[in-house]
Amino acid sequence: MAIYLNDVSRTFGEYLLIPGLTTKDCLPSNVSLKTPLVRHPAGETADIELKIPFVSAIMQSVSGTELAIELARNGGLSFIYCSQPVEDQAEMVRKVKKFKAGFVISDANVRPEQTLADVIGVAKATGHSTIGVTEDGASNGKLAGIVTSRDYRIEKDPLDMKVRDFMTPFSKLIYGESGIPLSDANQKLWENKLNALPIIDSDGHLVYFVFRKDYDSHRNNPDELSDKTKKLLVGAGINTRDYEERVPALVDAGADVLCIDSSDGYSEWQKETLCWIRKNYGDRIFVGAGNVVDSEGFRYLVDAGADFIKVGIGGGSICITREQKGIGRGQATALMDVVQARDEYCRKTGIYIPICSDGGLVHDYHMVLALAMGADFLMMGRYFARFDESPTKTLRIGSNYVKEYWGEGSNRAQNWQRYDMGDTELLKFEEGVDSYVPYAGKMKDNLAITLGKIRATMCSCGATAIKSLQQHARITLVSSTSIVEGGAHDVILKEQNR
């Protein structure tokens, strides 16, 4: 007969946090939301740390280039969706890596004998207004000058005008020499009121550009998630079908971390994918796996080489896996079970495996509950799908503005590669729906409110760091009556909009 588990499968909405002692140090401004993304020796810092415990879901309707850039600028990370051709996904990763990079290799270049028409073509193709002029037109050619949008007027200047006749020549350029620290390069930009500073080597060859806008971006986004070269961090989803082609392309494009995307990750297909990555890349590539809902699934994927584990089956707002297949587990119960296995694994091996809670977050306080229960970071789809930066359309339905939002398990996504047991490219049934979410505006504004709530709640629990919250938070089950009591009740609410 089947094995029966006695514990009740519970969700976040069935729990509340009990306040702890709020000391004078428990101020929102003192709360750190830094958290590890990948496995590391216990007591040491992970190679990748998030500034905020948020990553965006591996979904067509969520994690595009624009959202990946904006989330990284605010301290989180996006996983570019994999339900698209390999070359398209790799190009999206490249765009994120090129967005801001401190020292930028020029990919917009022309020769002095080329024409204004060529400059306009390069500007349109690359989206860059600053173009390097090198003797051979190469990104590392000998620098002859630069061209910016202020050097020509499309409506008046002849398109056959030679670049050498309107560029700023090398003799009039202010430049930096190879090896200059980024701080000194930025200072040179400011002292000379420049928008771009070319960096050249001892032979006069163009090496990099440093842009003023990059400095401004970093100053306005102090929690920006970037590497040592100031490039934004970005993740990418992979599947268990074409990984031998997809992984090399994503690594070459600059992806900082990969994640296997599947509704049920406790499978031999995921193990084979992880083993292939470890055989071909060793520990040079970080890769997460999942989703699982118990200790057995956790240990199986960790032993196969996963750097973090995603927890959750059927708890997403657009997911109908439980309804269709009858598998899954309440998100809170699943998370607590996997976290217990993670802590036991850490005690035995000395290696800490970060846990990602994926799904089941209805209210902002559920995020704090998930972190208190042991999650290191949270993967969200619906939350991010509402913002300007998500790749879907904003529509008006009646008097409300909404954004389209569909699951990777829906027919619209056509994502057959996400499922590990099919022998056909057609979905036999759906595990996700096609829907709308209320439009919410810019990510940064909404994120500030959510993070403010999280910090305030942590202060009420007496914690100023996620690890402290996990060690000291007190959590209680609540009855259905208590849930009703927790909201506005027994009053007549005033109309919000008149």
Give the minimum heavy-atom separation between [X] and [Y], together with the two atoms involved.
X      : Y      : value
Ser61  : Ala385 : O-CB, 4.0 Å
Tyr300 : Ser267 : CE2-O, 3.3 Å
Phe286 : Asp256 : CD1-O, 3.8 Å
Ala46  : Pro36  : CB-CB, 3.8 Å
Glu49  : Thr45  : CD-CG2, 3.7 Å
Leu371 : Gln470 : O-CG, 3.0 Å

Side-chain donor/acceptor of [X] to backbone N/O of [Y], under 3.5 Å:
X      : Y      : answer
Asp252 : Pro248 : no
Lys97  : Ala253 : no
Glu389 : Met443 : yes
Arg474 : Pro19  : yes
Thr333 : Arg10  : yes
His366 : His363 : yes
Arg386 : Tyr383 : yes
Tyr439 : Thr394 : no
Ser63  : Met59  : no
Asp445 : Gly441 : no

Check this for me: does any side-chain nitrogen of one of [X] and [Y] sit under 4.0 Å from a carboxylate oxygen of the other?
X      : Y      : value
Lys231 : Asp227 : no
Arg299 : Asp303 : yes
Glu344 : Arg347 : no
Asp337 : Arg329 : yes
Asp376 : Arg342 : yes
Glu91  : Arg94  : yes

query: Checking side chain to side chain contact (heavy atoms under 4.5 Å, CB included) for the pair Phe54/Leu447: CA distance, chi angles, key distance, verdict?
result: CA-CA 10 Å; Phe54 290 174; Leu447 202 56; 3.6 Å; yes
What distance separates [X] [atom1] from [Y] [atom2], expressed to the nearest 0.5 Å?
X      : Y      : atom1 : atom2 : answer
Ile260 : Leu301 : CD1   : CG    : 7.5 Å
Phe103 : Tyr208 : CZ    : OH    : 7.5 Å
His40  : Ile351 : NE2   : CD1   : 8.5 Å
Asp223 : Leu33  : CG    : CG    : 8.5 Å
Gln89  : Ile80  : CD    : CD1   : 7.5 Å
Ile277 : Leu258 : CD1   : CG    : 6.0 Å

Any [X] side-chain heavy atom under 4.5 Å of [Y] side chain:
X      : Y      : result
Arg382 : Tyr405 : yes
Met367 : Met380 : yes
Leu77  : Leu50  : yes
Tyr81  : Asp261 : no

Please check if atom [atom1] in [X] has more than 12 non-hydrogen atoms from other residues, nucleotides or ligands closer than 6.0 Å.
X      : atom1 : value
Asp184 : CG    : yes
Tyr436 : OH    : no
Lys403 : NZ    : yes
Lys467 : NZ    : yes
Glu87  : CD    : yes
Leu477 : CG    : yes
Lys444 : NZ    : yes
Glu244 : CD    : yes

Hey, are [Y] and [X] close enough side-chain-wise for a donor-acceptor pair under 3.5 Å?
X      : Y      : result
Asn291 : Asp358 : yes
Tyr266 : Asp294 : no
Thr240 : Thr273 : no

- prompt: What pairs with Asp307 under salt bridge (charged side-chain N to carboxylate O under 4.0 Å, His left out), at least two apart in sequence or on another chain?
  reply: Arg39, Arg278
message: Just to verify, which of Phe298, Phe377, Tyr352 counts as forming a ring-ring contact (aromatic ring centres under 6.0 Å, His included) with Phe308?
response: Phe377
message: Pair Ser357, Gln331 - check side-chain hydrogen bond (donor to acceptor under 3.5 Å, both in side chains), show working.
response: CA-CA 8 Å; Ser357 181; Gln331 186 66 10; 3.1 Å; yes
